[in-house]
Amino acid sequence: MPHVVDCEIKAHQEVAPGHYRMALHCPGIAKEALPGQFCMIEVRPGYHPFLRRPMSIERIFRDGVSILYKVEGEGTRLLSGYRTGQSLNVQGPLGKPFPLPGEGKRPILVGGGIGVAPLPGLAERLMREAGRTPDIVLAARTDSLLLCGKDFAQMRCRVVLATDDGSAGMKGFASDALRTLNPGPDTVVYCCGPMPMMRAVHDVCAELDAPCFASLEALMACGDGVCMGCVVEANVEIEAERMVRVCSDGPVFDSRIINWSA
Ligand SMILES: Cc1cc2nc3c(=O)[nH]c(=O)nc-3n(C[C@H](O)[C@H](O)[C@H](O)COP(=O)(O)OP(=O)(O)OC[C@H]3O[C@@H](n4cnc5c(N)ncnc54)[C@H](O)[C@@H]3O)c2cc1C
Ligand code: FES
């Protein structure tokens, strides 16, 4: 059962233009959360904005979690105005986490832009519970929007960078950078980012027979499996349904079950 709690903001800072990291004090959520899960955050008490905003859990600590977010519209703009010491009402943890790789599989994490948010916590869990230090692909439009590079370097992960404009790492897309890490049947790829990026990552993995798990985004209302506002089309019927709910069936899916052409 997810918690709904007021959480004190322990730290809040801009980490790149328009991108923020916020640490929240929420021991109950932290105790149950796993990487890949998310929270629904009430960005302002009352009825406007009416809906909570979904945010991936970035890292999990003993007494709380962090989130990493990009200012997109009104909700995230309001969020960016909060200061350390203030409180936010948070519901979580929600959704299904990233699964651990099978015995002997090499994990590769692929993050595009702000999609990198759930991956530092996943890297920590892979090292702690699977004994594997993952390889990382970080991709963004330009150098200043490559996030978490230092965090992965501190974890001693091999990091391959890709930017659209060539200002850091190779000039190209996440899927091009992924190929340089030789994904195949002995690897497991975990990705999060814009849909076109994840589709291209899925295509590379399907071609090279590499299992791939993608963390999807969708507009969400309830975040809890009730409203059907977040459905995406699957390739297969799951419990007699073709549509899957990103919030409760996901957000993490085996990329082969998603209809990427829909
Ligand atoms: C499971 C999940 C985890 C997420 N994790 C993160 C995260 O860790 N960091 C982060 O920065 N963002 C994350 N998002 C996206 C984030 O929820 C949206 O950017 C945010 O809700 C936008 O709210 P807003 O009020 O600022 O913008 P709005 O005014 O609501 O929208 C501004 C623009 O963003 C688009 N948008 C709104 N909501 C979403 C959404 N859910 N997915 C994609 N586009 C959206 C709108 O279509 C519009 O174009 C996540 C979304 C989901 C579903
Ligand atoms: S957001 Fe309501 S069912 Fe997913």
Side-chain angles (χ1 to χ4, degrees), residues 2 12-24 29 33-44 46-60 65-82 88 90-98 109-123 138 140-141 145-148 151 190-199 213-234 238-239 241 243-253 258:
H12 193 197
Q13 69 196 71
E14 190 169 22
V15 293
H19 292 67
Y20 295 79
R21 176 174 282 124
M22 180 185 276
L24 294 161
I29 293 176
L34 287 170
Q37 292 187 292
F38 66 99
C39 292
M40 293 289 279
I41 298 183
E42 186 184 64
V43 291
R44 184 159 69 185
Y47 294 109
H48 188 81
F50 186 59
L51 299 174
R52 291 169 180 262
R53 298 302 195 254
M55 288 292 156
S56 299
I57 292 170
E58 185 206 17
R59 290 174 84 165
I60 303 163
V65 301
S66 62
I67 60 167
L68 184 65
Y69 68 92
K70 174 184 176 193
V71 173
E72 279 285 357
E74 189 189 5
T76 42
R77 187 181 50 72
L78 285 168
L79 203 56
S80 69
Y82 279 81
L88 282 171
V90 178
Q91 179 187 13
L94 294 160
K96 305 259 189 317
F98 289 108
L109 279 47
V110 184
I114 188 61
V116 70
L119 301 185
L122 175 60
L138 281 186
R141 272 188 291 117
L145 300 179
L146 286 167
L147 304 172
C148 302
D151 304 83
Y190 299 91
C191 71
C192 188
M195 286 299 268
M197 180 215 101
M198 291 198 286
R199 180 184 174 165
F213 293 93
S215 179
L216 266 51
E217 278 196 11
L219 297 176
M220 288 186 179
C222 71
D224 214 3
V226 179
C227 72
M228 305 301 279
C230 63
V231 292
V232 295
E233 199 174 317
I238 299 169
E239 293 172 7
E241 295 288 346
M243 306 301 277
V244 288
R245 289 162 299 186
V246 172
C247 66
S248 53
D249 300 316
V252 176
F253 294 94
I258 299 300

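Just follow the structure's listing: the first ligand is 1, and inside any ligand the first atom is 1. Since the structure is predicted, the reported quantities are computational estimates derived from the model, not experimental observations.
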Should you measure from each heavy atom of [X], which atoms of ligand 1 turn up under 4.0 Å away?
X	value
G73	24 (P), 26 (O), 27 (O), 29 (O)
Y69	9 (N), 10 (C), 11 (O)
A117	8 (O)
T76	24 (P), 25 (O), 26 (O)

Would you confirm whether [X], through its side chain, and [Y], through its main-chain N or O, come within 3.5 Å as a donor-acceptor pair?
X	Y	result
R53	L51	yes
E14	G18	yes
S215	C192	no
R52	I41	no
K96	S248	yes
R44	H48	yes
Q37	G95	yes

For atom 4 (Fe) of ligand 2, count the protein N, O or S atoms found under 2.8 Å away.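 Number of qualifying protein atoms: 2.
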
Determine whether any protein heavy atom is located less than 4.0 Å from atom 48 (C) of ligand 1.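 Neighbour list for atom 48 (C) of ligand 1 is empty of protein heavy atoms (cut-off 4.0 Å).
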
Do any nitrogen or oxygen atoms of G75 lie less than 3.5 angstrom from nitrogen or oxygen atoms of ligand 1?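 Yes.
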
Less than 3.5 Å between some nitrogen or oxygen of F38 and one of ligand 1, yes or no?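 N/O-N/O distance below 3.5 Å does not exist for this pair.
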
Report yes or no: does I114 have a heavy atom closer than 4.0 Å to ligand 1?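 Under 4.0 Å: yes for I114.
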
Heavy atoms only: give me the nearest [X]-[Y] pair and the separation to one decimal.
X	Y	answer
A117	P120	O-CD, 3.4 Å
F38	P54	CD1-CB, 4.0 Å
R245	G225	NH1-O, 2.9 Å

Determine whether the side chain, the backbone, both or neither of E74 has a heavy atom under 4.0 Å from any heavy atom of ligand 1.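 The backbone, only.
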
Can you tell me which portion of A218 lies within the under-4.0 Å heavy-atom range of ligand 1? Options are side chain, backbone, both, or neither.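 Contact part for A218 vs ligand 1: backbone (N, CA, C, O).
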
Interatomic distance, I67 atom CD1 to R59 atom CZ [nearest 0.5 angstrom]: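 The distance works out to 14.5 Å.
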
Nearest neighbour in protein (non-hydrogen) for atom 33 (C) of ligand 1: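 Nearest neighbour among protein heavy atoms for atom 33 (C) of ligand 1, to 0.1 Å: E72 OE1, 4.0 Å.
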
Only heavy atoms count here, so choose which of [options] is nearest to [atom].
atom	options	value
atom 16 (C) of ligand 1	P54, G115, G223	P54
atom 9 (N) of ligand 1	V252, L68, V246	L68
atom 11 (O) of ligand 1	Q37, K70, R77, M55	K70
atom 14 (N) of ligand 1	M220, E58, E217	E217
atom 36 (N) of ligand 1	V71, V116, L94, L219	L219

Between Y190 and F98, is the ring centre distance below 6.0 Å? yes

Using ring centroids (six-membered ring only for Trp), state whether H12 and Y82 fall under 6.0 Å.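 No, they do not, as the ring centres are separated by 6.0 Å or more.
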
